[in-house]
Amino acid sequence: MTNEQKWQLYKRLVSVADAGLYYGQDAFDHERYQEIKEIALELLADLTDTSTEQLAVLFGQEAGYPTPKVDVRAFIEREGQVLLVQDKHTAEWSLPGGYAEVGLSPTANIVKEVKEETGLDVVETQLRAVYDTNLREDIIQPFQYYKFIFACEVVGEIRQNFETDKEVQAVRYFSREDLPVLSQVRTTEAQLQQLFKHEPAIYVE
C-alpha cells in the first residue's frame, strides 16, 4: 500500500470517527470514537512532518455529517489564452476561485470570487468540469474536494489595483504553451490542457 493510499484510508477513518462523535448517543461510544480518531491522527502524523496536535486542529470535528468540500474555479479565455491569478504567499498561479460559501449558488459563488480576485465582472456560461481531488495520487491533501470549473465570460471591469487584493498579487492571461508555475492543489496543467479543448463535457478526475 502506498503512502497516498494509506493517507486516504486514515483520512476516511477520521471521517467515520467524526460521524460517530456527531451521531453517537452513548457516552462510552463517544469515548471509543474519540480514541479511534486519535489513533487515526497518529497514523496520519507518521506519514507527514505534521504533529498530531496540528492535525487535530486541521481535522477539527465539523458540524454535521462530514462531507467533501466544494471549490469553484473560473475558466476565462481570451484569444486562446487563459486568465490566471498569482497567490501572494506562494507566488504560484491558478484559475481564479476558491471555497464555495454557504448561502450562495455555485454560479453566484464563482461570479463573486472572480470579482474579488481580478476586478472583473463575469457571467457563467457553462459548467465545464468536475474534479474529485480524492482520486489524485500526486499530492496529499487533508480533505476531499469537489472542484467545479465554470467557463465564464467577461462583461466588465471594476477594479484596477489588483495588487491590493488580500490573496492575489497579479492577474495575467497565459497561452497553453507558456504556462507559469501552477499551484498543484488548485489548478494543474493537465486540467488546463483539458479545458482548452472546449469539449462540452464534465470530467471527473
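Using a cutoff of 4.0 Å between basic side-chain nitrogens and carboxylate oxygens, Asp87 and Arg186 are scored as salt-bridged. Between Lys69 and Asp71 no salt bridge is recorded (no basic side-chain N to carboxylate O distance below 4.0 Å).
Between the CD atom in Glu77 and the CZ atom in Arg176 there is a gap of 8.5 Å [rounded to 0.5 Å]. The distance from the CD atom of Gln81 to the CZ atom of Phe196 is 8.0 Å, given to the nearest 0.5 Å. Here CD of Gln169 is found 9.5 Å from NE2 of His89. Values are rounded to the nearest 0.5 Å. To the nearest 0.5 Å, atom CZ of residue Phe75 and atom CD of residue Gln194 are 11.0 Å apart. Here CZ of Arg12 is found 10.0 Å from CG of Leu9. Values are rounded to the nearest 0.5 Å. Taking CG of Leu13 as the reference point, atom NZ of Lys6 lies at 14.5 Å (rounded to 0.5 Å).
At least one donor-acceptor pair closer than 3.5 Å links the side chain of Glu124 to the backbone N or O of Gln126. In this structure, the side chain of Glu42 does not engage the main chain of Thr52 through any donor-acceptor pair within 3.5 Å. The main-chain N or O of Lys147 is never found under 3.5 Å from a side-chain atom of Arg73 such that the two would form a donor-acceptor pair. Distance alone, capped at 3.5 Å, is enough to place a donor-acceptor pair between the Asn109 side chain and the Glu101 backbone. With hydrogens and angles ignored, the 3.5 Å screen pairs no side-chain donor or acceptor of Glu92 with any backbone N or O of Val181.
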Are Leu179 and Gln193 close enough, and set up right, to give a side chain to side chain contact (heavy atoms under 4.5 Å, CB included), and what steps lead you there? CA-CA 10 Å; Leu179 294 172; Gln193 298 298 348; 3.9 Å; yes
Report the C-alpha separation of Val114 and Ile76 in whole Å, then their side-chain angles, then the decisive distance to 0.1 Å, and conclude whether the side chain to side chain contact (heavy atoms under 4.5 Å, CB included) test is met. CA-CA 10 Å; Val114 171; Ile76 302 169; 4.0 Å; yes
Show, in sequence, the C-alpha distance, side-chain angles and deciding distance for Tyr131 and Tyr145, and conclude whether the ring pair (Phe, Tyr, Trp, His ring centres under 6.0 Å) test is met. CA-CA 8 Å; Tyr131 296 107; Tyr145 298 86; over 10 Å; no
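Within 6.0 Å of OH on Tyr99 lie no more than 12 heavy atoms contributed by other residues, nucleotides or ligands. No more than 12 heavy-atom neighbours from other residues, nucleotides or ligands sit within 6.0 angstrom of OH on Tyr33. By the neighbour-count criterion of 12 heavy atoms within 6.0 Å, atom CD of Glu153 is sparsely surrounded, having that number or fewer from other residues, nucleotides or ligands.
By the 4.5 Å heavy-atom criterion applied to side chains, Leu43 and Ile39 are counted as neighbours. Between Leu83 and Leu120 the shortest side-chain heavy-atom distance falls below 4.5 Å. Val168 places none of its side-chain heavy atoms less than 4.5 Å from the side chain of Thr118. The shortest side-chain heavy-atom distance between Lys112 and Leu104 falls under the 4.5 Å cut-off. Between Trp93 and Pro180 there is a side-chain heavy-atom pair separated by less than 4.5 Å. Counting heavy atoms from C-beta on, the side chains of Val171 and Glu117 never come closer than 4.5 Å. In this structure, the side chains of Leu192 and Leu95 come closer than 4.5 Å at one or more pairs of heavy atoms. Leu182 places a side-chain heavy atom less than 4.5 Å from the side chain of Leu84.
Residues Ala17 and Lys37 come closest through the heavy atom pair CB-CB, 3.7 Å. Considering all non-hydrogen atoms of both residues, Ser94 and Thr187 come closest at CB-OG1, 3.5 Å.
When hydrophobic clusters are built by joining Ile, Leu, Val, Met, Phe, Trp and Tyr residues whose side-chain heavy atoms come closer than 4.5 Å, directly or via intermediates, Val154 is grouped together with Phe150.
Each of Ile110, Val123, Thr107 was compared with Cys152 under the side-chain contact (heavy atoms from CB on, under 4.5 Å) criterion, and only Ile110 meets it.
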